[in-house]
Amino acid sequence: MKHDHAIRRRSFLKTASLAAFGAISLPDKGRADPSISPLRDLAKDVGRLKIKEVKAFPLRRAVFVRVKAEDGRTGWGEGGHSGGHLVAETVKRELATIAEGRDVFDADPVWSAMYFEADELGPSGLAAQAIAGVDCALWDLRGKVLGLPVWRLLGGKYRRQIPLYGSFSRDKGNGQFMTPAECAARANSLVEEGFRAIKVRLAIREENLDPADDPAFPVVREIRRAVGDTIELYVDANNGYSAKRAITVGKRLAESFGVALFEEPVAAFQYASLARVSQSLSIPVSAGEHEYTKWQMRDLILHGKIDVLNPDVSKLAGLTEAMKVSTLADVFDVPISVHNARPTLLTAAHLHFVAASRMATRTQEHPGSQRLADLWQFFHNKLVPKDGMLEVPDEPGFGLHVNEQAVEKGVQ
């Protein structure tokens with residue numbers, strides 16, 4: 001009898017502890033068949049649920065990925081959008097067969113199997129962008145299966161509200177650029193949306209190194225006049241300067257216009273030049289959107305001497321790798337501010353990452369309500385910033401409800 005009592009007590013404690021996390025409900029006292037255990041229902045999901053299908057959807061200006069479990073439940077993620085059809089084809093031809101049939105909860109093993117099988121396709125680009133979509137979709141699915149938000153699966157929540165900065169580029173496409181006055185108007189519209197910090201991307205790029213007709217000062221001057229002195233202002237050079245020119249520009253931006261952060265002042269991977277700039281300026285220098293692996297992030301921190309790390313989950317092969325980069329940032333005491341230029345599934349993934357990362361202490365990027373607003377047609381709900389902040393969702397998974405029929409129709 002004593003032995004039976006001990007077994008019943010252990011069973012109750014296990015059931016109660018799982019119920020506290022929302023994974024299952026405690027059984028009713030009047031349950032007809034006491035032999036039917038909620039733990040048995042849970043075991044059907046955890047450790048025994050297989051991935052049935054992985055499918056990519058190349059949309060106009062986005063690549064979404066759906067992972068379907070064998071019981072029909074689905075998770076959604078966003079892959080990198082550069083070369084969208086190539087990213088989708090990589091998911092279809094290379095990654096789907098690796099992931100399908102694997103356990104939904106084998107987070108790191110599935111990620112590693114995909115990465116090391118596809119690494120010769122270009123781990124600093126195509127492969128990483130494709131893996132990101134699958135990996136994020138799996139985290140969304142795991143949360144839905146357990147009835148938990150992804151941030152809880154990543155280790156918990158440091159913050160429930162995320163402070164944002166609104167960002168935009170002066171690049172209109174097709175070789176056309178906004179005038180300083182147009183940039184000022186765009187910045188002011190973001191302030192009117194509630195953002196208390198703004199970033200302008202100069203779109204100089206490496207191919208136009210140290211331009212004679214430098215847009216930095218006239219653009220930033222007009223923006224500062226438009227938004228006033230209380231709005232924090234950041235400048236992204238888009239890799240457009242040599243180290244010497246970047247130092248000159250960075251000092252003037254800080255001293256004359258109160259710019260508080262200088263992003264990617266020199267070409268990607270020019271870590272010696274980046275270190276020169278960072279060590280010469282009083283304002284923080286940031287980079288990281290062009291680094292696609294934890295090894296590249298390590299080198300960026302050690303040799304680039306950056307002050308703020310800008311990871312992007314859709315480039316960094318998903319949340320599994322991003323959490324390792326968060327630990328790396330913790331080791332080297334470098335704060336994180338994500339590169340986030342996409343409003344829907346990527347913003348959702350970044351919200352959970354930022355909530356769970358101790359080092360994500362700064363304002364985080366957001367494209368505002370105008371850029372890529374048409375992508376919301378693929379969802380039944382929205383993530384809407386309020387007063388320059390976003391609430392971290394508490395719903396299962398990422399907290400976004402995908403309109404699957406709309407996605408199917410939107411494939412390009």
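The shown structure was predicted, so the numbers you read here are calculated from the model rather than taken from an experiment. Hydrogens, waters and symmetry mates play no part in the numbers below; they use all other heavy atoms, side chains included.
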Starting at [atom1] of [X], measure out to [atom2] of [Y] and round the result to the nearest 0.5 Å.
| X | Y | atom1 | atom2 | result |
| --- | --- | --- | --- | --- |
| Arg170 | Gln176 | CZ | CD | 11.0 Å |
| Ile231 | Ile223 | CD1 | CD1 | 12.0 Å |
| Leu309 | Leu300 | CG | CG | 6.0 Å |
| Lys157 | Leu351 | NZ | CG | 11.0 Å |
| Gln270 | His303 | CD | NE2 | 13.5 Å |
| Leu164 | Asp387 | CG | CG | 11.0 Å |

Please determine, by modelled atom types, if [X] and [Y] share a side-chain donor-acceptor pair under 3.5 angstrom.
| X | Y | value |
| --- | --- | --- |
| Tyr234 | Ser286 | no |
| His290 | Glu264 | yes |
| Ser189 | Arg186 | yes |

Do any N or O atoms from the side chain of [X] and from the backbone of [Y] form a donor-acceptor pair under 3.5 angstrom?
| X | Y | answer |
| --- | --- | --- |
| His352 | Trp151 | yes |
| Asp140 | Gly75 | no |
| Asn239 | Val266 | yes |
| Asp214 | Ala216 | yes |
| Ser357 | Phe353 | no |
| Arg73 | Leu141 | no |
| Glu321 | Thr293 | no |
| Glu70 | Lys50 | yes |
| Arg358 | Thr327 | no |

Open item on the list: Set out, in order, the CA-CA distance, both residues' side-chain angles and the distance that settles side chain to side chain contact (heavy atoms under 4.5 Å, CB included) for Glu182 and Phe177, then state yes or no.
Closed with: CA-CA 9 Å; Glu182 288 173 325; Phe177 297 92; over 6 Å; no
Counting only heavy atoms not in [X], do more than 12 fall under 6.0 Å of its [atom1]?
| X | atom1 | result |
| --- | --- | --- |
| Glu100 | CD | yes |
| Lys92 | NZ | no |
| Lys52 | NZ | no |
| Lys409 | NZ | no |

Task: Residue that, paired with Glu78, satisfies side chain to side chain contact (heavy atoms under 4.5 Å, CB included) out of Thr347, Thr344, Val63, Val313 - done: Thr344
Open item on the list: Name the residue from Met297, Glu289, Lys294 that meets the side chain to side chain contact (heavy atoms under 4.5 Å, CB included) definition with Leu316.
Closed with: Met297
Which atoms form the tightest heavy-atom contact between [X] and [Y], and what is the distance?
| X | Y | result |
| --- | --- | --- |
| Arg276 | Ile247 | O-CD1, 4.0 Å |
| Cys136 | Leu319 | SG-N, 4.0 Å |
| Gln364 | Ile336 | NE2-O, 3.1 Å |
| Phe195 | Gly166 | CD2-N, 3.4 Å |
| Ser337 | Arg362 | CB-CB, 4.3 Å |
| Glu232 | Ala260 | OE2-CB, 4.0 Å |

Task: Derivation and outcome, side chain to side chain contact (heavy atoms under 4.5 Å, CB included), residues Arg224 and Val259 - done: CA-CA 9 Å; Arg224 179 55 80 194; Val259 168; 5.6 Å; no
Answer whether the closest heavy-atom distance between the side chains of [X] and [Y] falls below 4.5 Å.
| X | Y | answer |
| --- | --- | --- |
| Leu146 | Pro396 | no |
| Trp76 | Leu400 | no |
| Leu345 | Phe378 | no |
| His81 | Ser314 | no |
| Leu154 | Trp139 | yes |
| Val407 | Glu404 | no |
| Val285 | Lys305 | no |
| Ile204 | Pro215 | yes |

- [ ] Report the C-alpha separation of Phe379 and Phe64 in whole Å, then their side-chain angles, then the decisive distance to 0.1 Å, and conclude whether the ring pair (Phe, Tyr, Trp, His ring centres under 6.0 Å) test is met.
- [x] CA-CA 12 Å; Phe379 299 87; Phe64 294 164; 5.7 Å; yes
- [ ] Decide side-chain hydrogen bond (donor to acceptor under 3.5 Å, both in side chains) for Glu395 and His401; before the verdict, give the C-alpha distance in whole Å, the side-chain angles of both, and the deciding distance to 0.1 Å.
- [x] CA-CA 10 Å; Glu395 292 187 60; His401 307 299; 2.9 Å; yes
Open item on the list: Under the criterion side chain to side chain contact (heavy atoms under 4.5 Å, CB included), I'd like the reasoning laid out for Cys183 against Phe168: C-alpha separation, chi angles, the key distance, then a yes or no.
Closed with: CA-CA 9 Å; Cys183 288; Phe168 72 98; 4.0 Å; yes
Open item on the list: Could you walk me through whether Arg205 and Asp171 satisfy the salt bridge (Lys or Arg N to Asp or Glu O under 4.0 Å) test, starting with their C-alpha distance in whole Å, then the side-chain angles of each, then the deciding distance to 0.1 Å, before giving a yes or no?
Closed with: CA-CA 11 Å; Arg205 309 293 179 185; Asp171 188 355; 5.1 Å; no
Open item on the list: Between Ser278 and Asp307, does the side-chain hydrogen bond (donor to acceptor under 3.5 Å, both in side chains) criterion hold? Intermediate values first, please.
Closed with: CA-CA 7 Å; Ser278 180; Asp307 303 296; 3.3 Å; yes
Open item on the list: Quick test of your reading of the model: are Arg201 and Glu365 salt-bridged, counting only N-O distances below 4.0 Å?
Closed with: yes
Task: Pair Asp374 + Arg60: basic N to acidic O under 4.0 Å - done: yes
- [ ] Report the C-alpha separation of Tyr292 and Asp312 in whole Å, then their side-chain angles, then the decisive distance to 0.1 Å, and conclude whether the side chain to side chain contact (heavy atoms under 4.5 Å, CB included) test is met.
- [x] CA-CA 8 Å; Tyr292 287 70; Asp312 183 323; over 6 Å; no
- [ ] Evaluate the ring planes of Trp111 and Phe116, with Trp represented by its six-membered ring, and classify them as parallel (under 30°), tilted (30 to 60°) or perpendicular (over 60°).
- [x] perpendicular
